[in-house]
Number of protein chains: 2
Amino acid sequence: MTLPHPDTDQITLPNVLAALGDDTRLAIIGCLARTDPLEGLVCGQFCGLTSKTNLTYHVAKLREAGVVKVRPEGTKRRVTLRREDLDRRFPGFLDTVIATAVELPQVEATLRQLHEETA
Amino acid sequence: MTLPHPDTDQITLPNVLAALGDDTRLAIIGCLARTDPLEGLVCGQFCGLTSKTNLTYHVAKLREAGVVKVRPEGTKRRVTLRREDLDRRFPGFLDTVIATAVELPQVEATLRQLHEETA
DNA sequence: GTCCTTGTTCAAAATTCATTGGACAATTGA
DNA sequence: TCAATTGTCCAATGAATTTTGAACAAGGAC
């Protein structure tokens with residue numbers, strides 16, 4: 001089962017801005033920006049941010065806006081940033097957002113948690 | 001009576017994104033981006049977008065987020081983009097937003113209306 | 001097969017946001 | 001002073017968003 005994603009040229013700025021104008025979702029982006037772009041993260045790794053159910057909701061918002069790609073892997077969902085697509089559509093935009101998003105306290109906390117679990 | 005504006009370093013990305021993630025407010029930004037940066041526009045000139053009361057609400061949102069400056073001029077309110085402040089805080093961000101915002105249909109319509117009135 | 005993990009779905013509740021209308025304040029101009 | 005212009009304030013409504021919990025599905029490990 002593949003999830004619906006907008007084509008590159010169907011990504012609109014109002015949608016992207018609305019998707020990013022939320023603390024939880026901005027934190028998700030910040031986390032993704034600080035991990036291997038190809039690897040991404042699976043939903044469960046954001047559990048420090050909010051509940052499982054709520055993550056489903058927020059990740060779907062980001063996916064529908066065209067900000068992230070969600071690829072099923074068994075029972076997991078691998079989430080990656082659509083960097084190239086966003087760069088082509090709104091050159092420079094993602095970089096400036098990321099530059100600030102990576103420093104959000106929620107992002108620090110979530111990533112620290114992940115590191116501890118890995119160790 | 002001067003209206004409260006956040007200092008440059010108090011402008012936060014979550015607030016700015018939330019402020020811009022709305023069609024009416026994005027249209028206001030688009031209109032401002034296509035007018036003399038020093039002149040700006042007065043609230044009434046956005047009346048094509050929505051009601052007078054509603055404009056007060058949206059312009060206040062933009063002001064509180066640090067996106068625009070609102071300067072009283074008699075009974076009018078002159079609205080200008082805080083270009084330098086936003087550029088210093090999030091380099092490149094405003095440019096990419098504007099590049100898309102200026103082409104919104106609502107912006108075209110509103111500016112056409114203004115031109116007709118002037119003529 | 002049976003558990004465990006991961007995430008979804010659904011309906012409900014809570015919260016936030018956007019919009020409206022009426023009354024009003026401030027300034028300008030006649 | 002009087003009227004017109006411009007915009008604010010307030011309370012209420014409507015709409016959209018976010019959050020929650022319980023039940024469920026799909027896949028992996030055993």
Side-chain angles (χ1 to χ4, degrees), chain A residues 1-5 14-29 31-32 39-65 67-80 106 110 113-114 117-118, chain B residues 1-5 14-29 31-32 39-65 67-80 106 110 113-114 117-118:
Chain A
M1 178 236 195
T2 32
L3 296 153
H5 292 78
N15 286 349
V16 171
L17 288 171
L20 296 179
D22 172 275
D23 288 341
T24 303
R25 294 193 289 266
L26 204 50
I28 292 175
I29 300 307
C31 289
L32 288 173
E39 281 227 7
L41 290 166
V42 296
C43 288
Q45 298 183 286
F46 302 120
C47 274
L49 295 172
T50 177
S51 68
K52 215 172 39 157
T53 310
N54 200 216
L55 274 178
T56 299
Y57 169 74
H58 284 299
V59 170
K61 279 262 165 183
L62 289 170
R63 172 178 52 77
E64 286 160 10
V67 180
V68 301
K69 181 152 98 57
V70 183
R71 180 166 26 103
E73 277 186 5
T75 109
K76 302 185 179 178
R77 304 282 179 269
R78 187 156 299 273
V79 184
T80 51
Q106 293 172 308
T110 304
Q113 237 177 333
L114 285 184
E117 284 166 13
T118 311
Chain B
M1 177 237 197
T2 33
L3 296 153
H5 292 77
N15 286 349
V16 171
L17 288 171
L20 297 179
D22 173 275
D23 288 341
T24 304
R25 294 194 290 265
L26 205 49
I28 292 175
I29 299 308
C31 290
L32 288 173
E39 281 226 8
L41 290 165
V42 296
C43 288
Q45 297 183 287
F46 302 120
C47 275
L49 294 173
T50 178
S51 67
K52 214 172 40 156
T53 309
N54 201 215
L55 274 178
T56 299
Y57 169 75
H58 284 301
V59 170
K61 280 261 165 182
L62 290 170
R63 173 178 52 77
E64 288 160 9
V67 180
V68 301
K69 182 153 94 68
V70 183
R71 182 166 24 103
E73 275 184 6
T75 108
K76 302 186 181 179
R77 305 280 179 271
R78 188 156 300 273
V79 184
T80 51
Q106 293 172 305
T110 305
Q113 236 176 333
L114 284 184
E117 282 165 16
T118 312

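Each chain gets a letter, A, B and so on, in the order its sequence line appears, and its residues count up from 1.
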Residues passing the side chain to side chain contact (heavy atoms under 4.5 Å, CB included) test with B:K76, sequence neighbours excluded, are B:V42
Rounded to the nearest angstrom, tell me the gap between atom CG in A:L62 and atom P in D:dT18.
10 Å
Rounded distance (Å) that lies between atom P of D:dT18 and atom CG of A:L55:
13 Å
Length of the line joining B:E64:CD and C:dA18:C1', which is rounded to integer Å
14 Å
Quick one, B:F46 and B:L114 - any side-chain contact, counting heavy atoms below 4.5 Å?
no
For the atom pair NE2 (A:H58) and CG (A:D22), what is the distance rounded to the nearest 0.5 Å?
5.0 Å
Using OP1 and OP2 only, check whether a side-chain N or O of A:N54 sits under 4.0 Å from D:dT18.
no
Rounded at 0.5 Å granularity, tell me how far CD in A:Q45 sits from CD in A:Q113.
11.0 Å
The reported gap from NE2 in B:H5 to NZ in B:K69 (rounded to nearest 0.5 angstrom) is 7.0 Å
A:K76 NZ to C:dT5 P, in whole Å, measures 11 Å
A:Y57 OH to C:dA13 C1': how many Å, rounded?
14 Å
Candidate list B:L62, B:T50, B:V59, test side chain to side chain contact (heavy atoms under 4.5 Å, CB included), partner B:T24, passing option
B:T50
Side-chain N or O of B:H58 closer than 4.0 Å to phosphate OP1/OP2 of C:dC17
no
Gap separating the OG1 atom of A:T75 from the CZ atom of A:R77, nearest 0.5 angstrom
7.0 Å
Contacts of A:N15 meeting side chain to side chain donor-acceptor pair (under 3.5 Å) (sequence neighbours excluded), chain-then-number -> A:T12
Which nucleotides of nucleotides 22-30 of chain C have their base under 4.0 Å from a protein heavy atom (B), which only their sugar-phosphate (S), and which neither (-), written as one string 5' to 3'?
B----BS--
Looking at side-chain heavy atoms only, is the closest gap between B:I29 and B:V68 below 4.5 Å?
yes
With rounding to the nearest 0.5 angstrom, report the CZ to CG distance, A:R25 to A:L55.
11.5 Å
What's the angle between the local helix axes at either end of the helix from C:dG1-D:dC30 to C:dA30-D:dT1, using five pairs per end and rounding to 10 degrees?
30°
If you check the A:K61 side chain, which of C:dA18, D:dT17, C:dG7 turns out closest?
D:dT17
What integer distance in Å separates B:L3:CG from D:dG7:P?
12 Å
By side chain to side chain contact (heavy atoms under 4.5 Å, CB included), which residues pair with A:T53, not counting sequence neighbours?
A:S51
Figure out the CZ/P separation between A:R77 and D:dG28, and round it to whole Å.
11 Å
Those residues of residues 19-28 of chain B lying under 4.0 Å from DNA chain C by at least one heavy atom:
B:D22, B:R25
Rounded to the nearest Å, what distance is computed from the CZ atom of residue B:F46 to the P atom of nucleotide C:dA18?
17 Å
